[in-house]
*Asks:* 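Have a look at this one.
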Amino acid sequence: MKRKYLYIIIGVLVLVFVGLIGYYNISYKNKWYNNTTINGIDVSGLTLQQSKDKIQKGLDSYTLTVKGRNNGSLTINGDDIDYKATVSSKIDSTFKQAHSGIAFPFGSHTYKLVHDVTYNTSKLAKVISSSRLVKGDSTYKINAPLPTRVAYDSSKKQFAILKAYKGNTIDTDGLTKAVEKSLKAIEKTLDVSTSAYDSCYKTVANPSTSELQSRLNAYNNVGLRYITWNMGDKHYETLDPATLSQMLVYQNGKVTVDEKKLSDWVEKLCLKYKTVGQKRTYTSHTGKKLSTTEGDFGWRVDYDKTIAQAKKAVATTIEQSKTDAYMKDASDANKKAITLSYDINWYSTSYKKNWNNWKDDWDGKDYVEVDLAEQKVYVFKNGKVTFSCNCISGKPVAGRKTTTGAFFLKEHQANRTLVGEGYTTPVQWWTRITWTGTGFHAAPWQSWGSWSPSYYKSRGSHGCINLSTENAHTIYKITSYREMCFMHY
């Protein structure tokens, strides 16, 4: 009896279940079943037309976001490339197929359709080529790929083999292919930063292991050295391996130095200490402030001698044992063993060195002023004029006019013979102003009793500052080597 009731209950339950399934299938006869997605879009409970409308709406506002390496990105708006996508005609057969059998309420249904897509390839190419991902900008730098290579390793203080660097330089053909595939699949995002999309980026070939080791040895032999110049007063300038490494070139199994880069470095060194030609302001005998950028007063490194020293240093062979010792232990002692030292050669020197302000190179209290308009010489001591006298400067014609600017007094000779074009003249109390021959000296042949501020226009010198014998002797005695001499009109 109990078994009979059990069979009845089971039968009733089966009928109820069958009824529910039947009711569910009849209810969804013209609609998509629950838990149905097409290309990720939920169309559950929608009619075929409603699902078409919903899918089409998403297609009409299409954008593709491309993620690149180093946080680069590119957004492609459908309107910018005349992008048009229409719902696949296969949606009808898919709908029919979905209803061809019995569906259960708690089942899930996922469909992938290839919609019909068109776009303007020329406009797409323009969008890609002009994008930040390809061209870069102020916040997104484009870095070229680098192969496995030899480079200076600052942490190890020697050259080492560095791993390849992929960079983020786009290969436009590779990126375009990947983008077009996503466009056709109507994908919303495309991540080309992963290794699966390496074809979207420029690549370089890697040298063999043996080749890299050969290069490593060559770089360490040439580049692992310090070149030091003694600037004076325990101040030094050093061309170190890290900087030198930027000048090295590997070709045909040899490492050489790019002479252009080496000369540029030496030129910067020279300019760092150059004060010749800087603007100098001084107080004239009138109390007015005068300025000049002319003349040869100031510091200037001898470029030709310094570049010769640099070339000699990089060409010098350092014993392999010294290089090996430094590579094992970069101690001060081993560093000294691979250091080539030179004294700097000055093309011109100045009155003083102020290492905190290199341009502070002259004595602002003791100097000489030659006012060529007045034809007067003024000697300043402790900021005040302590001596002045008349002078006769160069005749204002080509080849004889006295030069102007700031100069240092270069030498004092009691007797000297001046030699020039068409003259040889012995003089007394010579105080040289310029290397080209201008200086103070006695000129007893001049008619000093007839002197006037315009006398030099007819009886002027060949460029020197003519003085009476007495005044020339005084200038000779009270001025000093490297003292400033300003000459102006």
Side-chain angles (χ1 to χ4, degrees), residues 7-68 73-121 123-124 127-128 175-197 199-200:
Y7 288 150
I8 293 172
I9 292 172
I10 292 174
V12 171
L13 290 175
V14 169
L15 289 174
V16 170
F17 179 74
V18 171
L20 288 173
I21 296 299
Y23 177 77
Y24 177 74
N25 280 264
I26 293 172
S27 297
Y28 282 85
K29 180 180 180 181
N30 297 315
K31 296 184 290 185
W32 293 99
Y33 293 115
N34 284 338
N35 303 317
T36 300
T37 60
I38 299 176
N39 291 4
I41 297 175
D42 186 5
V43 294
S44 303
L46 299 181
T47 65
L48 177 60
Q49 187 58 49
Q50 287 174 333
S51 68
K52 289 181 179 181
D53 293 342
K54 183 176 182 179
I55 294 172
Q56 187 62 53
K57 185 177 180 181
L59 298 179
D60 291 341
S61 58
Y62 177 76
T63 60
L64 172 64
T65 300
V66 182
K67 179 184 177 183
S73 63
L74 163 62
T75 298
I76 301 175
N77 294 311
D79 292 342
D80 294 336
I81 60 172
D82 298 338
Y83 186 86
K84 292 182 180 179
T86 54
V87 180
S88 172
S89 58
K90 291 185 178 181
I91 193 172
D92 295 280
S93 59
T94 301
F95 185 81
K96 184 177 180 180
Q97 179 184 354
H99 293 81
S100 62
I102 298 175
F104 296 92
F106 302 107
S108 62
H109 314 276
T110 302
Y111 302 101
K112 188 75 173 179
L113 298 179
V114 179
H115 299 303
D116 299 321
V117 173
T118 61
Y119 53 88
N120 188 310
T121 55
K123 289 186 177 182
L124 174 62
V127 168
I128 291 175
L175 178 61
T176 300
K177 289 178 181 178
V179 167
E180 287 188 322
K181 185 176 181 180
S182 291
L183 292 176
K184 292 173 182 178
I186 318 180
E187 295 170 341
K188 296 288 186 176
T189 60
L190 171 63
D191 186 355
V192 298
S193 66
T194 65
S195 58
Y197 288 93
S199 61
C200 294

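The figures that follow rest on heavy atoms only: side chains count, while hydrogens, waters and symmetry mates do not.
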*Asks:* Within this structure, what is the NZ-CG distance for the pair Lys96 and Leu48, rounded to the nearest 0.5 Å?
*Replies:*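 Lys96 atom NZ to Leu48 atom CG measures 12.5 Å (nearest 0.5 Å).
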
*Asks:* Any idea which heavy atoms bring Tyr28 and Asn34 closest together, and the distance?
*Replies:*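 So the two residues come closest at OH-OD1, 3.0 Å.
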
*Asks:* Counting only N and O atoms by type, is there a donor-acceptor contact under 3.5 Å from the side chain of Tyr62 to the main-chain atoms of Lys84?
*Replies:*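 Answer holds: no.
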
*Asks:* Under 3.5 Å, side chain of Gln56 to main-chain N/O of Ala85, donor-acceptor pair present?
*Replies:*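 It does hold such a pair.
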
*Asks:* So, for Asp42 and Thr37, which heavy atoms are closest and what is the spacing to 0.1 Å?
*Replies:*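 Looks like CA-CG2, 4.1 Å.
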
*Asks:* Mind checking what makes side-chain contact (heavy atoms from CB on, under 4.5 Å) contact with Thr75, not counting sequence neighbours?
*Replies:*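 Checked Thr75 against side-chain contact (heavy atoms from CB on, under 4.5 Å); matches are Thr65, Asn77.
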
*Asks:* Hey, could you give me the OG1/CD distance between Thr189 and Glu187, rounded to the nearest 0.5 Å?
*Replies:*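 One gets 7.0 Å once the value is rounded to the nearest 0.5 Å.
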
*Asks:* Kindly compute the distance separating NZ (Lys31) from CG (Leu46), expressed to the nearest 0.5 Å.
*Replies:*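 Going from NZ on Lys31 over to CG on Leu46, the span is 9.0 Å.
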
*Asks:* Under the rule for side-chain contact (heavy atoms from CB on, under 4.5 Å), what residues qualify as partners of Asp116, not counting sequence neighbours?
*Replies:*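 Checked Asp116 against side-chain contact (heavy atoms from CB on, under 4.5 Å); matches are Thr86.
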
*Asks:* Sorted by first residue and then second, give each ring-ring contact (aromatic ring centres under 6.0 Å, His included) pair with at least one member in residues 84-103; sequence neighbours left out.
*Replies:*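 Listed by first then second residue: Trp32-Phe95, Tyr33-His99, Phe95-His99.
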
*Asks:* Report yes if the side chains of Asn39 and Ile55 come closer than 4.5 Å at any heavy-atom pair, otherwise no.
*Replies:*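 No - every pair of side-chain heavy atoms lies 4.5 Å or more apart.
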
*Asks:* Can you list everything that forms a salt bridge (charged side-chain N to carboxylate O under 4.0 Å, His left out) with Asp79? Sequence neighbours excluded, please.
*Replies:*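 Expected list: none.
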
*Asks:* Identify the two heavy atoms, one from Thr94 and one from Lys90, that lie closest to each other, and give their separation to 0.1 Å.
*Replies:*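 So the minimum-distance heavy-atom pair works out to OG1-O, 2.7 Å.
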
*Asks:* Is there a side-chain contact between Ser88 and His115 in this structure, where contact means two heavy atoms from C-beta onward sitting under 4.5 Å apart?
*Replies:*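 In short, these two side chains touch, coming nearer than 4.5 Å.
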
*Asks:* Under 3.5 Å, which donor-acceptor pairs do the side chains of residues 103-113 form with other protein atoms, sequence neighbours left out?
*Replies:*
none

*Asks:* Would you mind reporting whether Val117 and Tyr83 have side-chain heavy atoms less than 4.5 Å apart?
*Replies:*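 The answer is yes; the side chains approach within 4.5 Å.
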
*Asks:* State which residues pass salt bridge (charged side-chain N to carboxylate O under 4.0 Å, His left out) with Asp53; sequence neighbours excluded, sorted by chain then number.
*Replies:*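 Checked Asp53 against salt bridge (charged side-chain N to carboxylate O under 4.0 Å, His left out); zero matches.
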
*Asks:* Stepwise, does the side-chain contact (heavy atoms from CB on, under 4.5 Å) test hold for Asp92 with Lys52?
*Replies:* CA-CA 10 Å; Asp92 295 280; Lys52 289 181 179 181; 3.1 Å; yes

*Asks:* Once rounded to the nearest 0.5 Å, what's the spacing between atom OG of Ser44 and atom CD1 of Ile41?
*Replies:*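 So the gap between those two atoms works out to 12.0 Å.
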
*Asks:* Taking atom CD1 of Ile81 and atom CD1 of Ile76, what is their separation to the nearest 0.5 Å?
*Replies:*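 Rounded to the nearest 0.5 Å, the CD1-CD1 separation comes to 6.0 Å.
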
*Asks:* Do Leu124 and Glu180 have side chains that approach each other closer than 4.5 Å (heavy atoms only, starting at C-beta)?
*Replies:*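 When only atoms from C-beta onward are counted, Glu180 and Leu124 do touch, with a gap below 4.5 Å.
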
*Asks:* Are there more than 12 heavy atoms of other residues, nucleotides or ligands under 6.0 Å from atom NZ of Lys181?
*Replies:*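 Open.
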
*Asks:* With rounding to the nearest 0.5 angstrom, report the CG to NZ distance, Asp82 to Lys123.
*Replies:*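 Taking CG in Asp82 and NZ in Lys123, the distance rounds to 3.5 Å.
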
*Asks:* If we only count heavy atoms from C-beta on, is the Ser51 to Lys54 side-chain gap below 4.5 Å?
*Replies:*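 A side-chain contact is absent here, since even the closest heavy-atom pair is not under 4.5 Å.
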
